[in-house]
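Down below is the structure, laid out as structure tokens.
Throughout, a chain's letter reflects where its sequence line sits, starting with A, and its residues are numbered from 1. All of these numbers come straight from a predicted model, not from anything done at the bench.
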Protein chains: 2
Amino acid sequence: MRRPLSPSDRRILRTLQNEGRITNAALAEKVGLAASPCLRRLKALEDDGIIEGYRAIVSRKALGFTVEAFVFIKLEQSEPGWRTRLVERLKDYEEVIACHALAGEVDLIVHAVAKDIESFGEFTMNRLLTLPGVADVRSSFVLSNIKPMAPIPVPDH
Amino acid sequence: MRRPLSPSDRRILRTLQNEGRITNAALAEKVGLAASPCLRRLKALEDDGIIEGYRAIVSRKALGFTVEAFVFIKLEQSEPGWRTRLVERLKDYEEVIACHALAGEVDLIVHAVAKDIESFGEFTMNRLLTLPGVADVRSSFVLSNIKPMAPIPVPDH
DNA sequence: AGTGAAATGACCATAAT
DNA sequence: ATTATGGTCATTTCACT
């Protein structure tokens with residue numbers, strides 16, 4: 001798939017996880033390279049799928065999302081086809097900012113946002129509980145973001 | 001705090017959540033502005049804290065993190081000081097890529113990565129369970145990322 | 001619109017394999 | 001010799017006033 005990451009690659013990854021929009025010139029300076037090799041490495045990291053993309057981090061509050069919650073879903077045992085369709089529906093809900101399938105008690109964990117508690121209620125009642133295949137839905141509101149979206153650690157080798 | 005977001009602002013926010021490293025020139029074209037006003041709006045969004053930052057999204061697998069899990073922590077009732085220190089320790093663990101305080105059964109939810117199951121075991125056994133104030137630790141491995149880190153929806157008004 | 005800075009590509013140098 | 005590294009320079013494009 002790919003040769004191992006060089007120390008420069010690792011420094012690039014560390015920097016870009018914290019300053020995703022830094023100019024290549026500044027990035028090069030920070031990681032101790034000239035601009036041109038730095039850009040070459042950056043492009044290679046992108047082409048190889050090691051950097052999957054770049055994202056602006058937008059304030060939820062500024063957009064009016066005052067409610068954040070985790071929803072724990074248990075599924076009924078059913079044909080796999082149902083499960084696939086259910087999961088597709090979940091993905092389409094824009095309140096869902098992340099969703100993972102879990103091993104264990106709970107089958108799915110949904111990270112959701114909403115403008116207020118009422119619209120969150122509407123979401124869980126009308127759009128989650130009603131999905132065919134859902135056996136149980138349990139929500140916990142987020143009280144505080146202790147560590148929101150930290151970078152993936154980039155080990156030295 | 002701020003005047004309401006203009007339609008252009010909203011288009012900028014939508015675009016930058018998907019292409020955080022797009023050039024201002026390309027962004028301007030995409031949102032239907034000239035470069036100069038687009039840049040002014042972008043700076044204003046940054047200055048007002050609506051855009052909190054930018055991040056490269058790095059492949060966990062490419063960095064050798066094959067294990068991803070959610071850890072559900074219940075705390076003992078104890079003086080608030082303990083809780084603060086516990087939470088600080090949690091933040092310092094680099095395996096912890098996100099952590100939130102929850103209302104309900106579970107007090108804390110920890111999103112963690114590890115190189116393999118063994119090192120994840122070491123993490124939970126030696127570094128989570130041993131924290132003073134922790135009453136219960138329960139982990140669920142992530143089987144699949146159904147919707148990993150989606151953008152915050154930007155409503156039309 | 002204009003000026004200085006950045007991005008980008010062609011090409012060269014060095015070292016390790 | 002080949003591969004991986006990094007650098008320099010010249011040109012185009014962009015950022016910013």
**Request:** State the CZ-NE2 distance between A:R10 and A:H157, to the nearest 0.5 angstrom.
**Result:** 8.0 Å
**Selected nucleotide, minimal atom distance to B:T23 side chain, candidates C:dT8, D:dT8, D:dC14** = D:dC14
**Request:** May I have the distance from B:L27 (atom CG) to D:dA15 (atom C1'), rounded to whole angstrom?
**Result:** 13 Å
**Message:** What is the distance, to the nearest angstrom, from the CG atom on B:L42 to the C1' atom on D:dT17?
**Reply:** 16 Å
**Atom-to-atom span, CG of A:L5 to P of D:dA4 - whole angstrom** = 14 Å
**More than 12 heavy atoms from other groups under 6.0 Å of NZ on A:K115** = yes
**Request:** Mind calculating the distance between CD1 (A:I22) and P (C:dA7) to the nearest angstrom?
**Result:** 10 Å
**Request:** Decide yes or no, distance alone: a donor-acceptor N/O pair under 3.5 angstrom between the base of C:dG9 and the side-chain of A:S36.
**Result:** yes
**Message:** Regarding B:R138 and A:E105, does a basic nitrogen lie under 4.0 Å from an acidic carboxylate oxygen?
**Reply:** no
**Check: A:Q17/B:Y54 side-chain N/O donor and acceptor closer than 3.5 Å** = no
**Request:** Give the rounded distance in Å between these two atoms: CD of A:E29 and C1' of C:dA7.
**Result:** 17 Å
**Complete:** When rounded to whole Å, the NZ to P distance for the pair A:K43 and C:dA6 reads 16 Å
**Request:** Carefully, step by step, assess A:H111 and B:H100 under the rule ring pair (Phe, Tyr, Trp, His ring centres under 6.0 Å).
**Result:** CA-CA 11 Å; A:H111 191 179; B:H100 309 272; 5.4 Å; yes
**Message:** Both A:R40 and A:A25 contact DNA chain C. Taking the nearest nucleotide for each, which residue is further toward the 5' end?
**Reply:** A:A25
**Request:** Estimate the overall bend of the helix from C:dA1-D:dT17 to C:dT17-D:dA1 from the end axes over five pairs each, rounded to 10 degrees.
**Result:** 20°
**Request:** Evaluate the ring planes of A:F72 and A:F70, with Trp represented by its six-membered ring, and classify them as parallel (under 30°), tilted (30 to 60°) or perpendicular (over 60°).
**Result:** parallel
**Message:** Can you confirm whether more than 12 heavy atoms, excluding those of A:K30, are under 6.0 Å from its NZ atom?
**Reply:** no
**Asked** Separation of B:L39 atom CG from C:dA6 atom P, in whole Å?
**Response** 14 Å
**Asked** Can you tell me how far P of D:dC16 sits from CD of B:E46, to the nearest Å?
**Response** 9 Å
**Message:** Counting only side-chain heavy atoms from C-beta out, which of D:dG7, C:dT8, D:dT5 sits nearest to A:R41?
**Reply:** D:dT5
**Fill in**
Residue pair A:P37/A:R21 against DNA chain D: nearer the 5' end by closest nucleotide is A:P37
**Prompt:** Given D:dG6, is OP1 or OP2 found less than 4.0 Å from the side-chain N or O atoms of A:S8?
**Reply:** yes
